[in-house]
Amino acid sequence: MDKDLIYTIIGCVLKVHSKLGPGLLESVYQKALMIELDNECLSAEEEVPLEIMYDGNNLGLGFRMDILVEG
């Protein structure tokens, strides 16, 4: 992963935290972070399904990534 991308994402996270502070629901921070990522013109997706494979079999546990940035 590109260091500049990492720094940009961290900057977005810090901006959300500084504006909202602690103690809110995860969903609030997630939506706010999506706005900040969009402001930085980054491609981001929410609740992306994540397959967990074991020995060639999909375990079908229904995991989801909160946010996937730039694929």
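Sequential numbering from 1 along the given sequence is applied to the chain's residues. Note that the structure is predicted; figures quoted are calculated from it, not measured.
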Do Y7 and L42 belong to the same hydrophobic cluster, where Ile, Leu, Val, Met, Phe, Trp and Tyr are linked whenever their side-chain heavy atoms lie under 4.5 Å apart, directly or via other members? no
With a 4.5 Å limit on heavy-atom distance, are the side chains of I52 and N58 in contact? no
Quick check for you: to the nearest 0.5 Å, what is the distance between I67 atom CD1 and M34 atom CE? 6.0 Å
Could you check whether any side-chain N or O of E70 sits under 3.5 Å from a backbone N or O of S43, counting only pairs where one atom can act as donor and the other as acceptor? yes
Which pair of non-hydrogen atoms, one from M65 and one from P49, has the smallest distance, and what is that distance? CE-O, 4.3 Å
Would you say the side-chain atoms of Y29 pair up with the backbone N or O of H17, donor to acceptor, closer than 3.5 Å? no
I'd like to know whether I35 forms a side chain to side chain contact (heavy atoms under 4.5 Å, CB included) with V16, so could you lay out the CA-CA distance, the side-chain angles of the two residues, the decisive distance to 0.1 Å, and finally the verdict. CA-CA 9 Å; I35 291 168; V16 168; over 6 Å; no
Presence of salt bridge, E46 and K31, under 4.0 angstrom: yes
Cluster question for you: counting only ILVMFWY and a side-chain heavy-atom cut-off of under 4.5 Å, with indirect links fine, are L61 and L50 together? yes
Min side-chain heavy-atom separation E51-L59 under 4.5 Å: no
Between D38 (side chain only) and E36 (backbone N and O only), is there a donor and an acceptor less than 3.5 Å apart? no
Determine whether L37 and L24 fall in the same hydrophobic cluster, where Ile, Leu, Val, Met, Phe, Trp and Tyr are linked whenever their side-chain heavy atoms lie under 4.5 Å apart. yes
For a side chain to side chain contact (heavy atoms under 4.5 Å, CB included) check, start with the C-alpha distance between L33 and C12, then their side-chain angles and the critical distance, and finish with the verdict. CA-CA 7 Å; L33 182 55; C12 290; 3.7 Å; yes
Do V13 and L5 share a hydrophobic cluster (ILVMFWY, side-chain heavy atoms under 4.5 Å, transitive)? yes
Minimal heavy-atom distance between E26 and D66, with the atoms involved, is OE2-OD2, 2.9 Å
